[in-house]
Amino acid sequence: MALQYVGKGRALVTRSMMAQPDSDYKEEASLKEDLKFYFMNPCEKFRARRQIPWKLGLQILKIVMVTTQLILFGLSNQLVVSFKEENTVAFKHLFLKNYSGVDEDDYSCSVYTQQDVYDSIFFAINQYQQLKNISLGTLGYEQDEDELAGLQICKQQYRKSQILPSNDTLNIDSTIETECILLEPQVLANKEMSDLKNSSFFSLEFYRLIEVEISFKLKGIDLQTIHARELPDCYEFQNTITFNNRAHSGKMKIFFDTDADIQECKDLNISGSIQKNTQYILVFDGFVIVSCFASLILCTRSIVLALKLQKRFVNFFLEKYKRHVCSADRLEFINGWYVLVIISDMMTIIGSIMKMEIKAKNLTSYDVCSILLGTSTLFVWVGVIRYLGYFQTYNVLILTMQASLPKVLRFCCCAGMIYLGYTFCGWIVLGPYHEKFEDLNTVAECLFSLVNGDDMFATFAQIHQKSTLVWLFSRLYLYSFISLFIYMILSLFIALITDSYDTIKKYQESGFPVTDLHELLKECDSEEYSLGPQTPMSFCCCRRVSWLQTGIGGITIVALC
């Protein structure tokens, strides 16, 4: 046995050690040290190398800033939504004759006589003519270049039609003709309503009339934002009143539709503290963008370093043990939380830029901005679970979700086939007799509510008993669906999650399954790596005897520290 002194420490080295280059040992030791450090939590990394957890601090700061930004934008967005909804209700009361305040169904109201149709059409025209004298809002007519755009009325009807119901005779040319007139505000102001009623355009032939459509644009300014110390928004309302007679059933449905478009105000001259408040919010949004950009860089850097470490680990196992690393160990290096943070940061940056443009009244995409900021804030708060996962008590939720997710997805694919079958069947059979089965989207929502035990009696009771066969089928359909999904499929769904939870609890008591990566990390735990700079005091305090024994390429090393 040959003895050799290495550095300041004393080591016993066998002759077999001479067969392995010293560089291989250093490379393996470096890999183990990097692996051990990579899988530490921020607190352990700080104790090991005094590395300040910048990402942790930045994520905490970002949670506060992003949440504050979302609250400010949400309050502003509420004003926009409420202004649109209140104007829609006001328009219906202004332009629909005898509007009750509640829509009858998907349409606003309905008429049943020819005189009611004429009265409703001329009522809307008269209200448009007197808009500035009767409206409580800040409304005005749409201006097209130098002239005011007017009210357009179009009627659609079959080219030729002769119907004799008493003789069961029908002679019709199904070609649809469209005829329109434009009534400008200046013309309406100088024209009597009786002249319009005597016009040949309004001589409607109801037996071939399909629909009458009245469309007009109005301008408005939202002044309530001034109370919130924000610049006001200018709106353009595209209103459409449709008298639908396609069914020719004796009931004409009246639809009122309005589309509000936020536009840039051409001339704003507002004094006070609104401009200064807007500048403060823009500066705050700028800080949010900077913090998210820094978080994006740090997380991207961590993922790149993790991929490099994964490559080193895979090559090490391939060279030393002549086999490939399993996919589970490879995925250990891909931190899903970092991916979630990167997606959240990108959405926050884009949403913040849009919010700044909206605040400066250069952009009006409230919906897109709210989706981006809302989803990013959701991801930020979900990311907090990562730090709770460092504690074993709170880690159960994360581990259970990870373990049950593949099984749940496979189970949902199978259950989804049955669900789709019931959806199509209910739509085609019960659609004509039940309002909850009129279209596929409504059927899917109704069945999902039934699975969760919601509104069961009303679904049973609302089926029309005009057809005994369909009524019996509806009972068989609903009873079988509820029994199958609540008592069997939903119970199995819960059992999958419960089984995963029990498995995780057993693993926490007896230990998790060990992979190649975990074995290597155990070797790292059994060794003492100096992860931080050694001071004379720490060297003296840690001067103790420990035996390190590990196998490196079939060579045994016994070191005395």
* Asked: What class does the angle between the rings of F202 and F122 fall in, given that below 30° is parallel, 30 to 60° is tilted and above 60° is perpendicular?
  -> tilted
* Asked: Short question: side chain of S344, backbone of L340 - any donor-acceptor pair under 3.5 Å?
  -> no
Aromatic ring proximity F485/F481, centre distance under 6.0 Å: yes
Heavy atoms of C292 and I349 approach each other most closely as CB-CG1, 3.8 Å
With no hydrogens and no angle check, is any side-chain donor or acceptor of S203 less than 3.5 Å from a backbone partner on S199? no
Exactly one of Y128, F237, Y99, F216 clears ring pair (Phe, Tyr, Trp, His ring centres under 6.0 Å) with F91, and that residue is F237
Check: For the side chain of S449 and the backbone of E445, is there at least one donor-acceptor N/O pair under 3.5 Å apart?
Finding: yes
Between V288 and M65, the two heavy atoms sitting closest are N-CE, 3.6 Å
So CD1 of I489 and CG of L484: to nearest 0.5 Å the spacing works out to 4.0 Å
- Is it true that D285 and K355 have a side-chain N and a carboxylate O under 4.0 angstrom from each other? yes
Cut-off 3.5 Å, no hydrogens considered: what does the side-chain donor-acceptor table look like for residues 414-430, sequence neighbours left out?
{"residue": "Y419", "atom": "OH", "partner": "A444", "partner atom": "O", "Å": "2.5"}
{"residue": "Y419", "atom": "OH", "partner": "F448", "partner atom": "N", "Å": "3.0"}
{"residue": "Y422", "atom": "OH", "partner": "S480", "partner atom": "OG", "Å": "3.1"}
{"residue": "T423", "atom": "OG1", "partner": "Y419", "partner atom": "O", "Å": "2.8"}
{"residue": "W427", "atom": "NE1", "partner": "E438", "partner atom": "O", "Å": "3.2"}

Under a 3.5 Å cutoff, is there a donor and acceptor pairing between the side chains of S295 and Q59?
yes
* Side chains of Q69 and S352: donor-acceptor distance under 3.5 Å anywhere? -> yes
**Message:** When you compare the side chains of S376 and T348, does any donor N or O come within less than 3.5 Å of an acceptor on the partner?
**Reply:** yes
| said: When you measure from the side chain of N239 to the backbone of K217, do you find a donor-acceptor pair of N or O atoms at a distance under 3.5 Å? | reply: no
Ignoring hydrogens and angles, tell me if any N or O in the side chain of T242 forms a donor-acceptor pair with the backbone of N244 under 3.5 Å. no
* Would you please classify the geometry between the Y158 ring and the H248 ring as parallel, tilted or perpendicular, with 30° and 60° separating the classes? => parallel
Please report, to 0.1 Å, the donor-acceptor pairs under 3.5 Å made by any side chain of residues 72-86, with sequence neighbours excluded.
{"residue": "S76", "atom": "OG", "partner": "E230", "partner atom": "OE1", "Å": "3.0"}
{"residue": "S82", "atom": "OG", "partner": "Q78", "partner atom": "O", "Å": "3.0"}
{"residue": "S82", "atom": "OG", "partner": "L79", "partner atom": "O", "Å": "3.0"}

Just by distance, with hydrogens left out, do D116 and T113 show a side-chain donor and acceptor under 3.5 Å apart?
yes
Ignoring hydrogens and geometry, is there a side-chain-to-backbone donor-acceptor pair from N245 to L209 under 3.5 Å? yes
(message) Between the side chains of K155 and E211, is the shortest nitrogen-to-carboxylate-oxygen separation below 4.0 Å, so that they form an ion pair?
(response) no
Counting only heavy atoms not in Y487 (residues, nucleotides, ligands), do more than 12 fall under 6.0 Å from its OH? no
(Q) Can you see whether Y118 engages S120 through a side-chain donor-acceptor pair at a distance of less than 3.5 angstrom? (A) no
For this session: Could you tell me whether a side-chain N or O of D439 sits under 3.5 Å from a main-chain N or O of N441, the two making a donor and an acceptor?
Result: yes
Tell me, yes or no, whether the heavy-atom count around F201 atom CZ, taken from other residues, nucleotides or ligands under 6.0 Å, exceeds 12. yes
